**Student:** 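Next up is a structure, given as structure tokens.
All values derive from a computational prediction rather than experimental measurement.
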Amino acid sequence: MTWMIYGASGYTGQLVADLALDRGERPVLAGRDPGKVAAFATPRGLPYRVFDLADPNAVAEALRDVDVVAHCAGPFSATSAPMVEGCLRAGAHYLDITGEIDVFEAVFERHEDARRAGVVLLPGSGFDVVPTDCLAAMVAAELPTATHLDLAFHSSGGISGGTLKSALEGAALGGRARIGGEVRSVPMAWRRREIPFPSGPRRVASLPWGDVSTAYRSTGIGNITTFAHLPGLTRTGPRSARLSQVVMGSHLVQRLGRAAIGAAVRGPGRATRSRSWVEVYAEATAPDGTSVSAALIGPDTYDLTADAVLRAVGALRSEPPAPGAHTPATAFGADFVRRLHGVKIIEPAHR
């Protein structure tokens, strides 16, 4: 099978490519900047292609002999749709590492198109949302009557420029939650609670995370809130949240912010990642107050992402799910997260 990493010269794309080499894989590397792609691919002896996503026909032509595309070039709000279209035309399976709710929703809308094309669409094949999606599926299976789902994470690691740019764009949209089966706009940090993470209890606040979209499809639960332990987020009030959303929605602020991030942020190095970890918590609750919770501890989010992408590519080669749009848990089962290196599961507990 031939598979491709698009966005291979970006921070996460490079991590995926280098890990693939370490595991004996030889993916085709691709991107839109010929200098950057060649400079990364040539020393590694890997084949590469250069193409822009603006023309779906050109994308499909570039993918003519590719079986799986690992799409790592954000912001996915701009790049996902044309790559999905190219994959559908070329008959290539698609996976990406997005965390953007609207991107998930748009990809899931192509389910029937993917089914007819015999293609699997698998957005969120990295840290967002593999561990949260799989934990959500685990607790939902233990409590079929659940109507509410809370998901939370705490990470000790650094952040890449691409992730920051997506976060900057997302800040303009404010908070989001799944309420009554629908994705609704809510104030940022509209809910706060204490989470019993494996390392100890931490105060968290709600923020718009990809599981607002994906966990609904993995579990059928209609009320989903996602949380994080982030400095300052738990102190955000309604007024400051609204002001921040207005400011971040400014075209000038977005443009200057992206430029500053591109110039200054390079992403955490190997030493930093080796000292970092992530914790994830899931809790499903039924109308009678019964709840089931589970948690996990994993390696740095970027290392987890690279590992998850490679394992998803491998699974699409050896055990592909039925064609259509999937979450990680619906594609490969809730136990998919157990395959990831360094992940420890705290098994579901009933209360």
**Student:** Any non-hydrogen side-chain atom of T2 less than 4.5 Å from a side-chain atom of V28?
**Tutor:** yes

**Student:** Do you know which of I5, V313, L21 makes side chain to side chain contact (heavy atoms under 4.5 Å, CB included) with V16?
**Tutor:**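 Only one option passes, and that is I5.
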
**Student:** Test L149 against N223 for side-chain contact (heavy atoms from CB on, under 4.5 Å), laying out the working first.
**Tutor:** CA-CA 6 Å; L149 176 67; N223 300 284; over 6 Å; no

**Student:** Between atom CZ of R23 and atom CG of L310, what is the distance when rounded to the nearest 0.5 Å?
**Tutor:**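 The distance works out to 5.5 Å.
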
**Student:** Can you give me the closest heavy-atom contact between V343 and P299, atom names plus distance?
**Tutor:**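 Scanning both residues, the minimum pair turns out to be CG2-CD, 4.1 Å.
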
**Student:** Should R202 and E279 be marked as a side-chain contact (heavy atoms from CB on, under 4.5 Å) after you check the CA-CA gap, both sets of side-chain angles, and the distance that decides it?
**Tutor:** CA-CA 11 Å; R202 295 180 186 272; E279 298 176 293; 4.3 Å; yes

**Student:** Would Y216 and T214 satisfy side-chain contact (heavy atoms from CB on, under 4.5 Å), going step by step from the backbone distance to the final call?
**Tutor:** CA-CA 5 Å; Y216 178 63; T214 55; over 6 Å; no

**Student:** When you look at CZ of F40, are more than 12 heavy atoms from neighbouring residues, nucleotides or ligands closer to it than 6.0 Å?
**Tutor:**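 Yes.
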
**Student:** Can you check whether L207's main-chain N or O pairs, donor with acceptor, with T226's side chain at less than 3.5 Å?
**Tutor:**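 Checking the backbone N and O of L207 against the side chain of T226, a donor-acceptor pair under 3.5 Å is found.
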
**Student:** Could you please spell out the steps behind the ring pair (Phe, Tyr, Trp, His ring centres under 6.0 Å) verdict for W209 and F127?
**Tutor:** CA-CA 11 Å; W209 197 245; F127 168 65; 5.7 Å; yes

**Student:** Does a side-chain heavy-atom distance below 4.5 Å link T285 with T290?
**Tutor:**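 T285 vs T290: side chains apart.
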
**Student:** Thinking salt bridges, do R178 and D211 make one under a 4.0 Å N-O criterion?
**Tutor:**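 Between D211 and R178 there is no salt bridge, as every charged N stays at least 4.0 Å from the carboxylate O atoms.
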
**Student:** Without hydrogens or angle criteria, can the side chains of D133 and T327 be said to hold a donor-acceptor pair below 3.5 Å?
**Tutor:** yes

**Student:** Identify the heavy atoms of A325 and V107 that sit nearest to each other, and give their distance.
**Tutor:**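 So the minimum-distance heavy-atom pair works out to CB-O, 3.8 Å.
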
**Student:** Specify the closest pair of heavy atoms between P323 and H111, including all atoms of both residues, with the distance to one decimal.
**Tutor:** O-CE1, 4.3 Å

**Student:** Hey, what do you get for CZ (R176) to CE (M188), rounding to the nearest 0.5 Å?
**Tutor:**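 If I round to the nearest 0.5 Å, the distance is 10.5 Å.
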
**Student:** M4, L46: one ILVMFWY side-chain cluster at the under-4.5 Å cut-off?
**Tutor:** yes

**Student:** Roughly how far, to the nearest 0.5 Å, is the OG1 atom of T305 from the CG atom of L15?
**Tutor:**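 So the gap between those two atoms works out to 9.0 Å.
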
**Student:** Distance only, no hydrogens: is a donor on one side chain within 3.5 Å (strictly under) of an acceptor on the other, for E105 and S213?
**Tutor:** yes

**Student:** Before you tell me yes or no, could you show the steps for R311 and E25 under salt bridge (charged side-chain N to carboxylate O under 4.0 Å, His left out), namely the whole-Å CA-CA distance, both residues' side-chain angles and the distance that decides it to 0.1 Å?
**Tutor:** CA-CA 12 Å; R311 293 182 190 274; E25 298 276 354; over 6 Å; no

**Student:** I need the full list of salt bridge (Lys or Arg N to Asp or Glu O under 4.0 Å) pairs touching residues 332-348, with sequence neighbours left out, sorted by first then second residue.
**Tutor:**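 Found E319-R339, D335-R338, R338-E347.
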
**Student:** Taking T42 for its side chain and A39 for its backbone only, find out whether a donor-acceptor pair lies under 3.5 Å.
**Tutor:** no

**Student:** Looking at R193 and D150, is any side-chain nitrogen of the basic one under 4.0 Å from a carboxylate oxygen of the acidic one?
**Tutor:**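 Yes.
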
**Student:** Specify the closest pair of heavy atoms between I221 and A140, including all atoms of both residues, with the distance to one decimal.
**Tutor:**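 In terms of heavy atoms, the two residues are closest at CD1-CB, 4.1 Å.
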
**Student:** Measure the shortest side-chain to side-chain distance between P82 and P56 over non-hydrogen atoms and say whether it is less than 4.5 angstrom.
**Tutor:** no

**Student:** Assess whether side-chain contact (heavy atoms from CB on, under 4.5 Å) is satisfied between H148 and T225, documenting all intermediate values.
**Tutor:** CA-CA 8 Å; H148 289 73; T225 307; over 6 Å; no

**Student:** Linking I/L/V/M/F/W/Y whenever their side-chain heavy atoms sit closer than 4.5 Å, directly or via other members, would I345 and V130 fall into one cluster?
**Tutor:**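 Hydrophobic grouping puts I345 with V130.
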
**Student:** Tell me whether L122 shares a hydrophobic cluster with F76, the cluster being built from Ile, Leu, Val, Met, Phe, Trp, Tyr side chains joined at under 4.5 Å.
**Tutor:**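 Cluster IDs for L122 and F76 match.
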
**Student:** Can you tell me if CZ on R49 sees more than 12 non-hydrogen neighbours from other groups inside 6.0 Å?
**Tutor:** yes

**Student:** Measure up the H71 and Y94 rings against each other and bin them: parallel (under 30°), tilted (30 to 60°), perpendicular (over 60°).
**Tutor:**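 Rings of H71 and Y94: tilted, as their planes differ by 30° to 60°.
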
**Student:** Is any side-chain heavy atom of I297 closer than 4.5 Å to one of V278?
**Tutor:**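 V278 does not reach I297 side chain to side chain.
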
**Student:** Under 30°, 30 to 60°, or over 60°: which ring-plane class applies to H154 and H229, parallel, tilted or perpendicular?
**Tutor:**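 H154 and H229: perpendicular rings.
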
**Student:** Regarding T98 and D96, do their side chains bring together a donor and an acceptor under 3.5 Å, going by distance alone?
**Tutor:** no

**Student:** Counting C-beta onward and ignoring hydrogens, is there a side-chain heavy-atom pair between D113 and R110 closer than 4.5 Å?
**Tutor:**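 Yes; the side chains approach each other to less than 4.5 Å.
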
**Student:** Rounded to the nearest 0.5 Å, how far does CG of L151 lie from OG of S206?
**Tutor:**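 Nearest 0.5 Å value for the OG-CG distance: 12.5 Å.
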
**Student:** Can we say E142 and R351 salt-bridge, meaning some charged N sits less than 4.0 Å from an Asp/Glu carboxylate O?
**Tutor:** no

**Student:** Is the side chain of H93 donor-acceptor paired with the backbone N or O of V120 at a distance under 3.5 Å, no angle test?
**Tutor:** yes

**Student:** OG/S218 to CG/L135 distance, rounded to the nearest 0.5 angstrom?
**Tutor:**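 That separation rounds to 11.5 Å.
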
**Student:** Indicate yes or no: at least one non-hydrogen side-chain atom of V69 is less than 4.5 angstrom from one of L63.
**Tutor:** yes

**Student:** Quick check: does any side chain N or O of D67 sit under 3.5 Å from a backbone N or O of W3, one acting as donor and the other as acceptor?
**Tutor:**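 Checked: no pair found.
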
**Student:** Measuring only between side-chain heavy atoms, which start at C-beta, is I97 closer than 4.5 Å to D128?
**Tutor:** no

**Student:** Indicate, with yes or no, if L19 and L29 share a hydrophobic cluster defined by side-chain heavy-atom contacts under 4.5 Å among Ile, Leu, Val, Met, Phe, Trp and Tyr.
**Tutor:**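 Yes; tracing contacts between hydrophobic side chains, which count when under 4.5 Å, links both residues.
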
**Student:** How about L316 and P321: do any of their side-chain heavy atoms sit closer than 4.5 Å?
**Tutor:** yes

**Student:** Between G7 and A73, which heavy-atom pair has the shortest distance, and what is it?
**Tutor:** CA-CB, 3.8 Å

**Student:** Any chance you could lay out the side chain to side chain donor-acceptor pair (under 3.5 Å) test for S9 and Q14, step after step, and finish with the verdict?
**Tutor:** CA-CA 6 Å; S9 61; Q14 291 185 15; 5.7 Å; no

**Student:** Indicate, with yes or no, if V212 and V186 share a hydrophobic cluster defined by side-chain heavy-atom contacts under 4.5 Å among Ile, Leu, Val, Met, Phe, Trp and Tyr.
**Tutor:**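 Per the 4.5 Å side-chain linkage, V186 and V212 are not co-clustered.
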
**Student:** Ignoring hydrogens, what is the shortest heavy-atom contact between S125 and L95? Give both atom names and the distance.
**Tutor:** OG-CB, 3.5 Å

**Student:** One pair to check against ring pair (Phe, Tyr, Trp, His ring centres under 6.0 Å): Y281 and F227. What are the steps and the verdict?
**Tutor:** CA-CA 9 Å; Y281 177 85; F227 299 83; 9.5 Å; no

**Student:** Looking at CD of E85 and CG of N57, how far apart are the two atoms once the value is rounded to the nearest 0.5 Å?
**Tutor:** 9.0 Å

**Student:** Taking R270 first and then D300, would you say they form a salt bridge - that is, a charged N and a carboxylate O separated by under 4.0 Å?
**Tutor:**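 Salt bridge flag = no for D300 with R270.
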
**Student:** Parallel, tilted or perpendicular, judged at 30° and 60°: which one describes the rings of Y6 and F51?
**Tutor:**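 Rings of Y6 and F51: tilted, as their planes differ by 30° to 60°.
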
**Student:** Which label fits F104 and F108: parallel for a plane angle under 30°, tilted from 30 to 60°, or perpendicular past 60°?
**Tutor:** parallel

